Amino acid sequence: MKILEANNGALTNFEVLDFLRAKGASKDPTRVLAKVAQSEYKVYDYLIDTAARDQTRESINEFLESVKSHDLAKAEILNIINIRPTNIVEIFPIIECCDTRFSDEELTEIVEIVKRTLPPPPEDANGAEATKSNVEEGGEQMETS
Amino acid sequence: MFYLSKIEHTLPLPAPQLSRPIREAIHTELEKLFLDKVIANLGLCISVYDIKSIEGGFIYPGDGAPTYTVVFNLIMFRPFVGEIMTAKLLSSDADGLRLSLGFFDDIYVPLQHLPSPNEFKAESKNRCRYPYLIFSLNKYTKGTWYWKYEEQSYPVDDSDMIKFRIQNVTYPSIPVEQPKESKPFAPMLVTGSIDHDGLGPVSWWPGQEEDAEEEEEETAAEE
């Protein structure tokens with residue numbers, strides 16, 4: 001086995017979820033018929049509970065366009081797309097040297113861009129994660145229609 | 001978290017697979033070989049993304065299977081240092097926490113990466129008035145960690161997801177021999193830290209929950 005390129009590109013959680021969905025992974029009982037391996041299903045089950053579930057290519061592109069004006073590193077943008085922080089406290093650990101590089105207003109602006117462009121994460125079973133329930137219902141309607 | 005890695009590999013295609021279209025057959029063989037396996041310094045292989053090229057098909061003397069040289073992309077799970085992730089709590093003992101992502105279980109948050117000040121309450125079947133005695137008797141005592149902040153004790157338990165930051169990723173080499181009682185060998189070890197603002201159980205950092213409850217009341221009123 002020869003490794004030609006160890007890093008041929010980073011993938012967001014959404015892209016991996018999209019790839020598994022295209023293979024036929026899903027939450028309902030027809031999942032047993034799909035050509036998806038058990039280990040791949042474990043990844044799918046993990047990702048379906050994160051913010052990546054309701055994201056779309058358009059929303060991610062929109063986010064990337066809007067956040068270009070701020071000086072964020074690629075890894076930080078990737079982290080933000082994967083985690084979808086809803087307030088400043090969640091952004092703190094993502095951005096390195098947060099207090100020296102950005103002021104509080106800039107951070108609030110970045111959080112606003114996130115809230116505006118990326119759909120909110122799904123609600124956790126215990127209601128511990130944040131969710132806007134009306135948007136979540138909208139998301140479910142889209143899936144059924 | 002996920003990267004694409006381009007790999008070139010030479011593999012024989014067993015005879016029963018020869019009746020299938022070649023792409024499918026090679027895809028199945030690659031999945032058998034790489035799926036859910038750890039490649040040193042590349043990470044855990046999640047999936048075969050696509051096949052770039054298939055060459056060869058030579059049959060070596062004495063062999064029943066044609067050998068192909070395939071170039072393909074694998075989706076690798078390789079967390080980088082500084083990445084933030086959420087995981088479930090698998091177990092918690094005197095040495096720290098162990099977290100699980102579902103597809104990957106070897107994430108440890110050792111003692112020094114827990115927020116301080118903290119305390120550990122070992123759970124014990126026989127209620128002893130001196131918990132530290134039990135502590136010394138059994139090193140792997142299970143228990144709950146508490147973070148003491150502003151007079152309040154916040155527990156780290158499995159009621160919600162735990163956000164943590166990657167400190168380190170190592171790929172220990174395969175041991176030749178292992179004593180019977182030690183933990184099963186982990187080819188990829190991730191060390192995490194929850195010693196920072198915004199990290200730890202998700203319920204520790206409110207502010208978003210209150211907004212969500214207000215919105216839920218509003219939508220209920222509308223309906």
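Quick note on labels: first sequence line is chain A, next is B, and so on, each numbered from 1. Just so it is clear, the model here is predicted, and its values are computed rather than measured.
- Relative orientation of the B:Y49 and A:F19 rings is tilted, given thresholds of 30° and 60° on the angle between their planes.
- The distance from the CD1 atom of A:I91 to the CD1 atom of B:I84 is 11.0 Å, given to the nearest 0.5 Å.
- For B:E31 and A:K23, the salt-bridge test passes: some basic side-chain N is under 4.0 Å from an acidic carboxylate O.
- With a 4.5 angstrom heavy-atom cutoff, B:N41 does not touch chain A via any of its atoms.
- Contacts between A:I3 and chain B at a heavy-atom distance below 4.5 Å involve backbone atoms as well as side-chain atoms.
- Only the side chain of B:F34 comes within contact range of chain A, judged by heavy atoms closer than 4.5 Å.
- Using a 4.5 Å cut-off between heavy atoms, B:K88 does not touch chain A at all.
- Residue A:E90 holds its CD atom at 10.0 Å from CG of B:L199, rounded to the nearest 0.5 Å.
- Contacts between B:L42 and chain A at a heavy-atom distance below 4.5 Å involve the side chain alone, from C-beta outward.
- For B:V70, no part lies under 4.5 angstrom from a heavy atom of chain A.
- Distance CD1/B:I39 to CE/A:M1: 4.5 Å, rounded to 0.5 Å.
- Ranked by heavy-atom pairs shorter than 4.5 Å toward chain A, the options B:R165, B:E83, B:H196 are led by B:E83.
- Rounded to the nearest 0.5 angstrom, B:H9 NE2 and A:K2 NZ are separated by 13.0 Å.
- Looking at A:L47, the atoms closer than 4.5 Å to chain B (heavy atoms on both sides) all sit in the side chain, from C-beta outward.
- Contacts with chain A were tallied for B:P201, B:G43, B:S47, B:G82; B:S47 has the most, counting heavy-atom pairs under 4.5 Å.
- If you run ring-ring contact (aromatic ring centres under 6.0 Å, His included) between A:Y46 and each of B:F103, B:F2, B:F77, only B:F103 comes through.
- No other option in A:T12, A:I94, A:I83 has as many heavy-atom pairs under 4.5 Å with chain B as A:I83.
- Contact of the A:L4 side chain with the B:I7 side chain is not registered, since no non-hydrogen atoms from C-beta on lie closer than 4.5 Å.
- Residues of residues 67-79 of chain A lying within less than 4.5 angstrom of chain B, judged on heavy atoms, are A:A75, A:L78, A:N79 in numerical order.
- Side-chain contact between A:N8 and B:S5: absent, with no pair of heavy atoms (C-beta onward) separated by less than 4.5 Å.
- Distance check: B:T86 OG1 to A:D49 CG gives 9.0 Å after rounding to the nearest 0.5 Å.
- Within the 4.5 Å cutoff, the side chain of A:E5 has no heavy atoms near those of the B:L4 side chain.
- In terms of heavy-atom pairs under 4.5 angstrom with chain B, the leader among A:S39, A:P93, A:P85 is A:P93.
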